[in-house]
Amino acid sequence: YLRREAVRKFVLTRLRTVCGGVYFQKGNFFMLFDDKKIEFVLLEKLKSVDTKGWIFFAAAAVLAAALIIFLVQRRKKCTEPAAFTGNPTPTVILVHGALCIAISFVLSYFKLFSMPNGGSITLASMLPLMVYSNRYGAKYGVMAGVVYGFLQYIQKPEMTHWIQMLVDYPIAFGVIGLGGLVKGERNLVFSVLIGGTLRFLCHLFTGAVFFGEYAAAGQSAFMYSLLYNAPYMFADIAVCVIIAMLPPFREAIRSALKY
């Protein structure tokens, strides 16, 4: 027993030095970063949402429902063909943008996996913004992403420096809109990969510059940031890619946004 315990401690020490630490305990998956654990915490995160969080959640849900009703009613009554065909009016574009922001905000509350110092895998919360930018282009996509970034900061503010705040929130989510540089439903996966990768690079930068002090002894700040941000970011991107490739999802956005 003593020998097995010594081996276990040695392995944990080496893992914590190399990549923050990974281990199994009672059948659950954990990772260690500075003696903090991250785990799959969907229900726990929902239970821990405070009153302000539920107010924002409810407001976003009500807004999304109202915008959907508005679009349905407009579609029934509209006599202007351009409003729901290949050349949507500015009003329709802005309403679709507000709807995508609201849906993304609601989805951001459903965290499948949470990191100890910020960052999580959600139920494809980036995807509505990616679809919007792919449909209407980078200009509208970036604007929607910036607005969403500020909402994320209001939802859970984490700031060590004003530059870090700008890069981690409005800029990181704003660059998701650059996925709109490749437009069209057939290029949706490319939009997801472009937007998600650019957001990852923003978090990689702030992690190395502003959170490098958490790196283990002998580990560079860049490597710490890479190992911290890559797992949850690329998993989040993968979730968006998988959903974006599903035929029912393609059919739904084709009908809703009139590609």
Side-chain angles (χ1 to χ4, degrees), residues 19 29 31 38-42 45 60 64 96-97 99-115 118-149 151-152 167-207 225-259:
C19 61
F29 172 76
M31 295 179 69
I38 55 176
E39 51 186 315
F40 296 99
V41 286
L42 175 58
K45 284 295 180 182
H96 281 168
L99 176 60
C100 288
I101 292 170
I103 294 175
S104 288
F105 193 72
V106 170
L107 291 175
S108 71
Y109 276 84
F110 296 90
K111 303 180 189 296
L112 303 177
F113 187 82
S114 185
M115 302 291 282
S120 58
I121 301 173
T122 64
L123 291 178
S125 62
M126 293 190 294
L127 190 55
L129 297 174
M130 294 166 168
V131 171
Y132 180 70
S133 64
N134 175 264
R135 174 63 179 90
Y136 296 114
K139 180 180 72 173
Y140 289 106
V142 169
M143 288 191 294
V146 169
V147 172
Y148 177 75
L151 288 176
Q152 281 291 299
V167 177
D168 265 343
Y169 291 98
I171 294 178
F173 290 101
V175 296
I176 291 175
L178 293 179
L181 293 173
V182 287
K183 296 176 62 177
E185 181 202 347
R186 293 183 179 180
N187 294 320
L188 178 58
V189 172
F190 293 106
S191 291
V192 171
L193 292 174
I194 292 172
T197 302
L198 290 175
R199 180 192 162 192
F200 163 70
L201 292 176
C202 289
H203 296 317
L204 181 66
F205 167 77
T206 57
S225 182
L226 178 65
L227 293 172
Y228 183 93
N229 289 289
Y232 80 86
M233 273 302 311
F234 285 118
D236 213 20
I237 294 170
V239 171
C240 293
V241 168
I242 292 171
I243 296 176
M245 295 176 65
L246 295 176
F249 180 79
R250 291 293 188 96
E251 182 61 31
I253 62 172
R254 190 183 302 120
S255 174
L257 299 181
K258 296 300 176 183
Y259 270 91

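Given the structure is predicted, the values throughout are model-derived calculations rather than measurements. Count residues from 1 along the sequence.
- A donor-acceptor pair under 3.5 Å is formed between the side chain of Ser104 and the backbone N or O of Ser125.
- When all heavy atoms of Val167 and Phe205 are compared, the closest pair comes out as CG1-CD2, 4.1 Å.
- Counting all heavy atoms, side chain and backbone alike, Ala124 lies closest to Leu107 at O-CD1, 3.7 Å.
- Nearest approach of Thr122 to Ser108, heavy atoms of both residues: CG2-O, 4.0 Å.
- Residue Arg186 places its CZ atom among 12 or fewer non-hydrogen atoms of other residues, nucleotides or ligands, all under 6.0 Å distant.
- A distance-only check finds no donor-acceptor pair linking the side chain of Ser255 to the backbone of Glu251 [under 3.5 Å].
- Summarising the geometry of Leu129 relative to Tyr148, their closest heavy-atom pair is CD1-CD2, 3.5 Å, with the distance given to 0.1 Å.
- Contact between Leu127 and Phe249 at its shortest, heavy atoms only, is CD2-CZ, 3.5 Å.
- No donor-acceptor pair closer than 3.5 Å links the side chain of Ser133 to the backbone N or O of Leu178.
- The distance from the CG atom of Leu112 to the CG atom of Leu123 is 4.5 Å, given to the nearest 0.5 Å.
- Taking 4.5 Å as the limit, some side-chain heavy atom of Met126 sits within range of a side-chain heavy atom of Ile237.
- Asn134 CG to Ile194 CD1: the interatomic distance, rounded to the nearest 0.5 Å, is 9.5 Å.
- Distance alone, capped at 3.5 Å, is enough to place a donor-acceptor pair between the Ser191 side chain and the Gly179 backbone.
- Between the SG atom in Cys202 and the OH atom in Tyr169 there is a gap of 13.0 Å [rounded to 0.5 Å].
- Residues Ile103 and Tyr132 have side chains not in contact (no heavy-atom distance under 4.5 Å, counting atoms from C-beta outward).
- Under the 3.5 Å distance criterion, the side-chain polar atoms of Arg135 are left unmatched by any main-chain donor or acceptor of Lys183.
- Nearest heavy atoms, Tyr109 versus Phe105: CD1-O, 3.3 Å.
- Interatomic distance, Thr197 OG1 to Ile176 CD1, rounded to the nearest 0.5 Å: 10.5 Å.
- The distance from atom CD1 of Ile121 to atom CZ of Phe234, rounded to the nearest 0.5 Å, is 12.5 Å.
- Rounding to the nearest 0.5 Å gives a distance of 5.5 Å between CE of Met233 and NE2 of His203.
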### Query
Run the side chain to side chain contact (heavy atoms under 4.5 Å, CB included) check on Phe200 and Leu226 step by step: do they pass?
CA-CA 9 Å; Phe200 163 70; Leu226 178 65; 3.8 Å; yes
